[in-house]
Amino acid sequence: MQRARRAALLPVAFFARPADQVARDLLGRLLVVEGADGRVGGRIVETEAYLGGEDPASHAAGLRRNERNAAIYGPPGTWYVYLSYGMHWCANLVAGPPGQGAAVLLRALQPLEGLELMERRRGTRIARLLCAGPGRLCQALGIDRTLDGVPMRRSPARVLGVEGLPPGRVRVTPRIGITKAADWPLRFLEEGSPWVSGPRGRND
DNA sequence: GCGCCGATTGGCT
DNA sequence: GCCAATCGGCGCC
């Protein structure tokens with residue numbers, strides 16, 4: 001029987017490094033989500049690193065440990081999913097050593113698989129608007145609270161260890177949409193990708 | 001208990 | 001470009 005060659009998952013060790021390195025190295029990898037109504041996925045083209053307690057913008061800074069942010073203190077490779085502005089889910093992967101509170105926010109994908117399902121979930125057929133932005137990405141992929149605190153290796157949402165981006169294709173910019181330490185150069189995106197989020201002119 | 005703010009998005013001026 | 005929608009944590013009364 002034909003068996004599609006299955007790429008290996010990224011190992012836990014991949015995530016047990018500083019969040020900025022993890023954020024950069026996640027670019028170009030494949031994120032695949034198995035849902036009840038189908039399988040969707042795409043290439044990661046935009047991420048942001050949140051460094052933990054020392055980073056004023058991190059959910060590990062200024063906030064006490066609570067039910068909402070508990071997952072961020074888990075082991076590397078754990079999903080941290082929270083509700084933003086009361087209506088959009090945002091998906092992060094915990095990075096660095098446990099307890100540090102560092103994580104990488106997934107901000108945009110190049111949609112590749114399950115386009116029709118993503119269009120249905122998002123209510124648009126404009127490909128550019130399917131996965132450009134953390135809230136849109138989660139809606140297209142069917143990611144919500146049920147993923148929060150789940151280790152990636154045991155979750156329906158997995159990042160495959162396909163080849164990442166060569167250094168020349170990676171652009172680093174200030175972070176988007178936050179007020180504290182926004183200017184820290186911790187947003188990573190694929191150079192020239194039409195699939196990234198953010199207003200035009202914000203990508204340089 | 002109440003008001004403010006936010007790692008967002010989409011619709012309207 | 002402006003602004004409402006909508007939930008949860010936090011600070012303060």
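A note on names: the letters A, B, ... follow the listed sequences, proteins ahead of strands, and every chain is numbered from 1.
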Item to check | 4.5 Å side-chain heavy-atom contact, A:L83 and A:W89 | outcome: yes
Next on the checklist: Is it true that A:R121 and A:Q139 share a donor-acceptor pair across their side chains at a distance under 3.5 Å?
Outcome noted: no
Checklist entry - Does a side-chain N or O from A:R64 land closer than 4.0 Å to OP1 or OP2 of C:dG11, or not? => result yes
Next on the checklist: Taking C:dA5 as the reference, what is the distance to B:dT13 when you measure between their P atoms (whole Å, please)?
Outcome noted: 15 Å
Checklist entry - Are any of the side-chain heavy atoms of A:R175 and A:D55 separated by less than 4.5 Å? => result yes
Item to check | Any side-chain heavy-atom pair of A:P134 and A:H88 under 4.5 Å | outcome: no
Item to check | Closest heavy-atom pair and its distance - A:P76, A:V12 | outcome: O-CG1, 3.9 Å
Item to check | A:L130 side chain reached by A:W195 side chain, heavy atoms, under 4.5 Å | outcome: no
Item to check | OP1 or OP2 of C:dC10 under 4.0 Å from side-chain N/O of A:N66 | outcome: yes
Item to check | Each stem that DNA chain C is part of, given as range with range (3 or more consecutive Watson-Crick or G-U pairs, under 3.5 Å) | outcome: B:1-6 with C:7-12, B:8-12 with C:1-5
Item to check | Protein proximity profile, nucleotides 2-13 of chain B - base contact B, sugar-phosphate-only contact S, no contact -, cut-off 4.0 Å on heavy atoms | outcome: ----BBBSS---
Next on the checklist: Using side-chain heavy atoms (C-beta onward) and a distance below 4.5 Å, is A:L165 in contact with A:F188?
Outcome noted: no
Checklist entry - Does a side-chain N-to-carboxylate-O contact under 4.0 Å join A:R39 and A:E34? => result yes
